[in-house]
Amino acid sequence: MDELEKKILIYLFRDPSLSQRNIAKELGLTPPSLTYRIKKLQDEGVFQGYTVLVNPNFYGKNYGFVAFKNYYDYIGEGIFFKFKCLEWLNV
């Protein structure tokens with residue numbers, strides 16, 4: 001990975017919503033050249049995926065989660081799952 005590719009990563013870390021056109025302009029590249037370099041980083045496994053986190057309040061859905069020790073093997077309608085690796089915990 002050369003210095004230019006490191007700078008591309010820095011721009012994407014700072015603000016992943018920046019357009020490739022703006023990043024290319026900041027780095028003095030043409031948009032197709034930037035696209036090629038980003039694709040190359042993806043092919044090399046530097047990028048392992050993209051994530052979008054949506055605020056649940058946007059859809060009017062609010063959730064809260066509580067973990068508690070399960071001394072009496074409680075199973076109720078409010079229990080979604082149990083952690084197998086953490087004995088005694090319900091969520």
Side-chain angles (χ1 to χ4, degrees):
M1 181 181 326
D2 63 10
E3 289 301 314
L4 191 55
E5 289 169 345
K6 289 179 184 177
K7 288 180 183 179
I8 292 169
L9 288 176
I10 289 171
Y11 274 96
L12 292 173
F13 278 132
R14 284 186 189 156
D15 187 2
S17 66
L18 282 175
S19 70
Q20 288 189 9
R21 184 176 302 276
N22 287 340
I23 295 172
K25 183 179 177 183
E26 290 290 324
L27 294 175
L29 295 172
T30 63
S33 175
L34 178 68
T35 301
Y36 168 78
R37 286 181 174 265
I38 289 175
K39 175 76 170 113
K40 181 180 161 202
L41 290 169
Q42 289 173 335
D43 292 343
E44 291 174 352
V46 175
F47 289 120
Q48 294 184 353
Y50 298 94
T51 303
V52 175
L53 302 175
V54 177
N55 184 342
N57 293 328
F58 178 74
Y59 291 111
K61 308 233 184 250
N62 300 310
Y63 296 100
F65 298 95
V66 176
F68 60 91
K69 289 189 176 184
N70 188 16
Y71 290 115
Y72 304 106
D73 199 25
Y74 174 76
I75 297 174
E77 90 179 44
I79 303 297
F80 291 104
F81 59 90
K82 293 183 181 184
F83 290 102
K84 299 287 185 194
C85 60
L86 301 174
E87 301 170 17
W88 303 104
L89 282 185
N90 284 333
V91 176

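The model shown is predicted, which means the values in this text are computed figures rather than measured ones. Computed over heavy atoms, backbone and side chain alike; hydrogens, waters and symmetry mates excluded.
At a threshold of 4.5 Å between non-hydrogen side-chain atoms, the residues L12 and L18 do not count as touching. When side chains are defined from C-beta on, D2 counts as touching R37, because their heavy atoms get closer than 4.5 Å. Using a 4.5 Å heavy-atom threshold, the side chains of I38 and I23 count as separate. The closest side-chain heavy-atom distance from Q20 to P31 is not below 4.5 Å. Counting heavy atoms from C-beta outward, E5 and K40 have side chains that approach closer than 4.5 Å. Looking at heavy atoms from C-beta onward, T30 lies in side-chain contact with S33 at the 4.5 angstrom threshold.
Clustering ILVMFWY residues whenever any of their side-chain heavy atoms sit less than 4.5 angstrom apart, transitively, puts Y36 in a cluster other than the one holding V46. Note on L27: it clusters hydrophobically with F13, by side-chain heavy-atom contacts below 4.5 Å among ILVMFWY residues.
Note: K6 NZ to L41 CG = 12.0 Å, rounded to the nearest 0.5 Å. Between the CD atom of E3 and the CD1 atom of I8 there is a distance of 11.5 Å, given to the nearest 0.5 Å.
Under a 4.0 Å N-O distance rule, the pair E26/K7 does not qualify as a salt bridge.
Taking a 6.0 Å sphere around CZ of F47, one finds it holds more than 12 heavy atoms contributed by other residues, nucleotides or ligands.
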